[in-house]
Amino acid sequence: METWAKSYASAIGVHESIVLEQVKQEEKQRHVQVLPTSDEAIASQQEVADTFAEAGVLPAKVNVKPLWDTTFNDAIAKCSI
């Protein structure tokens, strides 16, 4: 985190301590969880896509399932989450 903050601070012309503090505050607020791909997650995204299609935001209904990957499901399930 410190290495990134130093590099980013230099790139944007801000003192490193400011960037580092911002990153630390963001980390406290962010809840990140890696989960295996589930049928429920795919169904949820499909509902969103269907809603967009019905509203005319998408020109037609789309199938979102091919966008999902289960390659790492077994490895993720073995990790303590």
Side-chain angles (χ1 to χ4, degrees):
M1 182 182 322
E2 287 81 7
T3 303
W4 178 86
K6 183 176 185 175
S7 176
Y8 187 66
S10 174
I12 64 172
V14 176
H15 194 274
E16 178 184 341
S17 64
I18 295 171
V19 174
L20 187 56
E21 182 59 29
Q22 179 182 353
V23 171
K24 288 179 180 180
Q25 291 301 319
E26 289 172 357
E27 286 292 316
K28 289 179 186 177
Q29 297 174 20
R30 186 178 315 143
H31 176 73
V32 177
Q33 192 173 19
V34 177
L35 299 170
T37 298
S38 67
D39 290 338
E40 293 80 14
I42 297 170
S44 175
Q45 186 181 33
Q46 187 64 59
E47 286 180 25
V48 172
D50 291 348
T51 299
F52 285 166
E54 290 168 14
V57 176
L58 295 175
K61 188 172 179 176
V62 295
N63 178 13
V64 301
K65 191 166 185 168
L67 302 173
W68 289 79
D69 184 8
T70 59
T71 302
F72 299 104
N73 276 6
D74 290 340
I76 293 169
K78 292 177 186 176
C79 297
S80 59
I81 299 173

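Computed over heavy atoms, backbone and side chain alike; hydrogens, waters and symmetry mates excluded. For reference, positions follow the sequence shown, starting with 1.
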Undergrad: If you round to the nearest 0.5 Å, how far is CD1 of Ile42 from CG of Leu67?
TA: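 The CG atom of Leu67 sits 9.5 Å away from the CD1 atom of Ile42.
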
Undergrad: Any idea which heavy atoms bring Asp50 and Val62 closest together, and the distance?
TA: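 Heavy atoms of Asp50 and Val62 come nearest at OD1-O, 4.3 Å.
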
Undergrad: When rounded to the nearest 0.5 angstrom, what is the spacing between OH in Tyr8 and CG in Leu20?
TA: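 Result: 13.5 Å between the selected atoms.
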
Undergrad: Check the hydrophobic clustering (I, L, V, M, F, W, Y; side-chain heavy atoms under 4.5 Å; chains of links allowed) and say if Met1 and Val14 are grouped together.
TA: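 Linked, Met1 and Val14 end up in one cluster.
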
Undergrad: With a sphere of 6.0 Å drawn around CG of Asn63, does it hold more than 12 non-hydrogen atoms of other residues, nucleotides or ligands?
TA: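 Atom CG in Asn63 is packed in, count exceeds 12.
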
Undergrad: Roughly how far apart are Glu40 CD and Gln45 CD, rounded to 0.5 Å?
TA: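 Here the rounded value is 14.0 Å.
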
Undergrad: To the closest 0.5 Å, what do you measure between NE2 (His15) and OG (Ser10)?
TA: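 If I round to the nearest 0.5 Å, the distance is 11.5 Å.
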
Undergrad: Using a 3.5 Å distance criterion without hydrogens, assess whether the side chain of Glu16 forms a donor-acceptor pair with backbone atoms of Ala9.
TA: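 A pair under 3.5 Å: no.
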
Undergrad: Tell me the closest heavy-atom pair linking Ala60 and Ala53, and the distance in Å.
TA: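 Ala60 and Ala53 have their closest heavy atoms at O-CB, 3.8 Å.
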
Undergrad: What ring pair (Phe, Tyr, Trp, His ring centres under 6.0 Å) pairs are there with at least one residue in residues 18-73, not counting sequence neighbours?
TA: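 Listed once each, the pairs would be none.
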
Undergrad: Can you name the nearest heavy-atom pair linking Val64 to Ala49, along with the distance?
TA: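 Heavy atoms of Val64 and Ala49 come nearest at CG1-CB, 3.7 Å.
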
Undergrad: Would you say Asn73's side chain and Thr37's backbone share a donor-acceptor pair under 3.5 angstrom?
TA: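 Side chain of Asn73 to backbone of Thr37, a donor-acceptor pair under 3.5 Å: yes, one is there.
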
Undergrad: Could you give the distance from CD (Gln46) to CG (Asp39), rounded to the nearest 0.5 Å?
TA: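 Going from CD on Gln46 over to CG on Asp39, the span is 12.5 Å.
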
Undergrad: Quick one: which of Gln25, Arg30, Glu26 gives a side-chain contact (heavy atoms from CB on, under 4.5 Å) with Lys28?
TA: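 Option passing the side-chain contact (heavy atoms from CB on, under 4.5 Å) with Lys28: Gln25.
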
